[in-house]
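Presented below is the structure to which this report refers.
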Amino acid sequence: MSARLLKHGAPSPVLVTAIREAALTGLLVVVLAVPFLGLKIENAGNGLLLETRWPAAFIAVGLAMGGRVLLVLGREWWHRPAVFDRFPGTVFLSERPLWGLGMAGILLALFLPLLLPNRYAIDTATTLLIYVMLGWGLNIVVGLAGLLDLGYVAFYAVGAYSYALLSLYFDYSFWLCLPLAGLLAALFGILLGFPVLRLRGDYLAIVTLGFGEIIRVVLTNWNTLTHGSQGISGIPRPSFFGLPFGVAVEGGPVTFSAFFGIAHDPLHRVIFLYYLILVLALGTNAFTLRIRRLPIGRAWEALREDETACRALGLDPTTIKLSAFAIGAMFAGLAGSFFAARQGFVSPESFAFLESAIILAIVVLGGMGSQTGVVVAAFVLVVLPEWFRDFVEYRMFLFGAAMVAVMLWRPQGLLSHRAPTLRLSPGPAPPH
Amino acid sequence: MAEAMLAVEGVHAGYGPRLALKGVDLHIDRGEIVALIGSNGAGKSTLLMTLCGHPRAKQGRIWFEGRDITRVPTHDLVRCGLVQVPEGRRIFSRMTVLENLQMGALTSDSRHFRPDLDRVFALFPVLAERRAQRGGVLSGGEQQMLAIGRALMSRPRLLLLDEPSLGLAPLVVRKIFATLEEINAGEGVTILLVEQNAYHALKLAFRGYVMVNGVITLTGTGSGLLANPEIRAAYLEGGG
Ligand SMILES: Nc1ncnc2c1ncn2[C@@H]1O[C@H](COP(=O)(O)OP(=O)(O)OP(=O)(O)O)[C@@H](O)[C@H]1O
Ligand SMILES: [Mg+2]
């Protein structure tokens, strides 16, 4: 009977697990939140006063429960037999050799604001993470699908200007614009994809280079819309889920610091932006690691190796290329809208060819397709020059020398190892 | 006479204005092994690629299992049961053997995957041994086996092979041809085999076609062609 139920009407076991775990979490948070957040003792002149702050407690419980549901669903999505492990009798492999390194990196990134609580360090780390995210995004196009894209910064620009313009003209909030920017950039990715479908290698590189310049030139010259080379300033900063950072003013909105009852500190926003880009970047990484195992990701890798073989196996290069361009562009768009929100100002200057070149250098130096390699390369190309600011005149020289050295000693990039994605499950084949 | 599985009628095709096929007619019946021989540049590879729509036929028609496939997109033909092992193997060298085989299975129902895999491993035990190695490190013979195995994972009814013996030692060639016979007899896969190695190909094939300069000049049974003095002179005894 239960089997029948499960098959038809019953909610899926995941949802049951998610709800159960969320309920448990909620209970735990209620116990914690009521005394810590819900009740507050005020020192009134004539004695202690018990003040209640139920909304805060309520929000905390809601956040925790929602987070738990997302966690369970995310875990499920990560492990679920997806299109590829539909194949009975096979098991996915994780990128074992680098798994520990990656985890250590993530832990370090998580605790960085505690370890180095100064504005400069966190700002630099935020910049680094933007480039890591851009590198991971471009890695899909160049590293996985093998499509040499020299105009990647165009999608970064599309994302940045999407947010800048949508907030300028329509007053849309950052949180609404973030997905919109990703979507718009993906559309531009497809727009670029169509004319270059038949191109490969050098020709593709030249056309994408041109595309990047076209976007920049349009942004510079379309004065009525984009304010031209002056750029757009006063872009609203992202709020903490509706709570703005800033000094509380009488009659103004409830600020982050007021809501949590802590003193205002400009560092809060910096740290929040840091965590925001950390989440965006890690999301990009998780997406890529996951999609490498799905048919579309494997098709990208196959396309990089041999287009004719792909056709002979029944894969359609058009779809494969367009999806690579679109998804790569989407991540640049997300990073772009983050960039606009962080700077509060965008101008075409930020999206010059040099940016494309740096992002591409990160991917190539990292080893074309290696996720960890991108982080290492971004560190080398973004943070090291920051440290050696004193030698700023020699920066380009050192940059060039480092590239030549890498190409001599590790022409395949710093970490060019491609981890296999699956093996056969042990034991005899399942019966059929 | 039963309807042919594959029928090619007056096909012209080429690259740009230059025609490499100038009116090719041939047919293949279900269950056959057919060999196509001819010297370098005759247009054999072009014919196989044209069957798969890349380049497209400029004139003429191609029928597969009663359906006009002249304009069907290349990537859809695999789902129709027409699968090619292209010239030069073209395996994915960065992917493991297992991943290569999996790429072949993308278009077929996943429930077939494990049994199909076991069948390919039974045909080519060396692939089972090497399944965790990268395709690029395999020997030429193993790569050819992998290319054939990968094509078999797409469950072809008609398998097109372009010079599977290219650059392989005689012993390996014999092994591969024996396996092709097994695939044909045991699994009922119809085979069109393009070969420079005319002797082995005609010995294996039921029938053969000879192509010269983009047209079929001669056809007959495999043994008949092997006995033909013209063929012997041109393609067997130091010729071609
Ligand atoms: N991609 C291409 N672009 C232009 N011309 C081509 C192309 N491929 C083949 N050709 C030409 O088409 C003709 C037929 O070539 P094809 O490769 O079909 O010969 P083949 O019979 O397979 O020869 P081989 O036995 O050497 O493989 C040749 O003259 C060749 O130069
Ligand atoms: Mg050929």
Measuring from atom CG of A:L313 to atom NE2 of B:H75, what distance do you get when rounded to the nearest 0.5 angstrom? 13.0 Å
Heavy atoms only: give me the nearest A:L315-B:M103 pair and the separation to one decimal. CD1-CE, 3.7 Å
Nearest-0.5 Å distance, CZ of residue A:R311 to CE of residue B:M49: 7.5 Å
Examine whether an atom of B:T74 lies under 4.5 Å from a heavy atom of chain A, and if so say whether it belongs to the side chain, the backbone or both; otherwise answer neither. both
I need the A:T308 OG1 to B:E87 CD distance, nearest 0.5 Å. 11.0 Å
Crowding at CG, B:N213 (>12 non-hydrogen neighbours, <6.0 Å): no
Can you tell me if A:F188 has over 12 outside heavy atoms packed within less than 6.0 Å of its CZ? no
Please report the interatomic distance CZ(B:R90) to CD(A:E305), rounded to the nearest 0.5 Å. 12.0 Å
Mind checking the CG-CG spacing from A:L294 to B:L106? Nearest 0.5 Å is all I need. 11.0 Å
Taking a cut-off of under 4.5 angstrom between non-hydrogen atoms, the residues of residues 119-132 of chain B near chain A are B:F121, B:R131
Return the option, out of B:P86, B:C52, B:S93, with the maximum number of heavy-atom pairs under 4.5 Å with chain A. B:S93
Which residues in residues 149-163 of chain B have any heavy atom closer than 4.5 Å to a heavy atom of chain A? B:R150, B:S154
How long is the gap from CD on A:E301 to CD on B:E99, to the nearest 0.5 Å? 7.0 Å
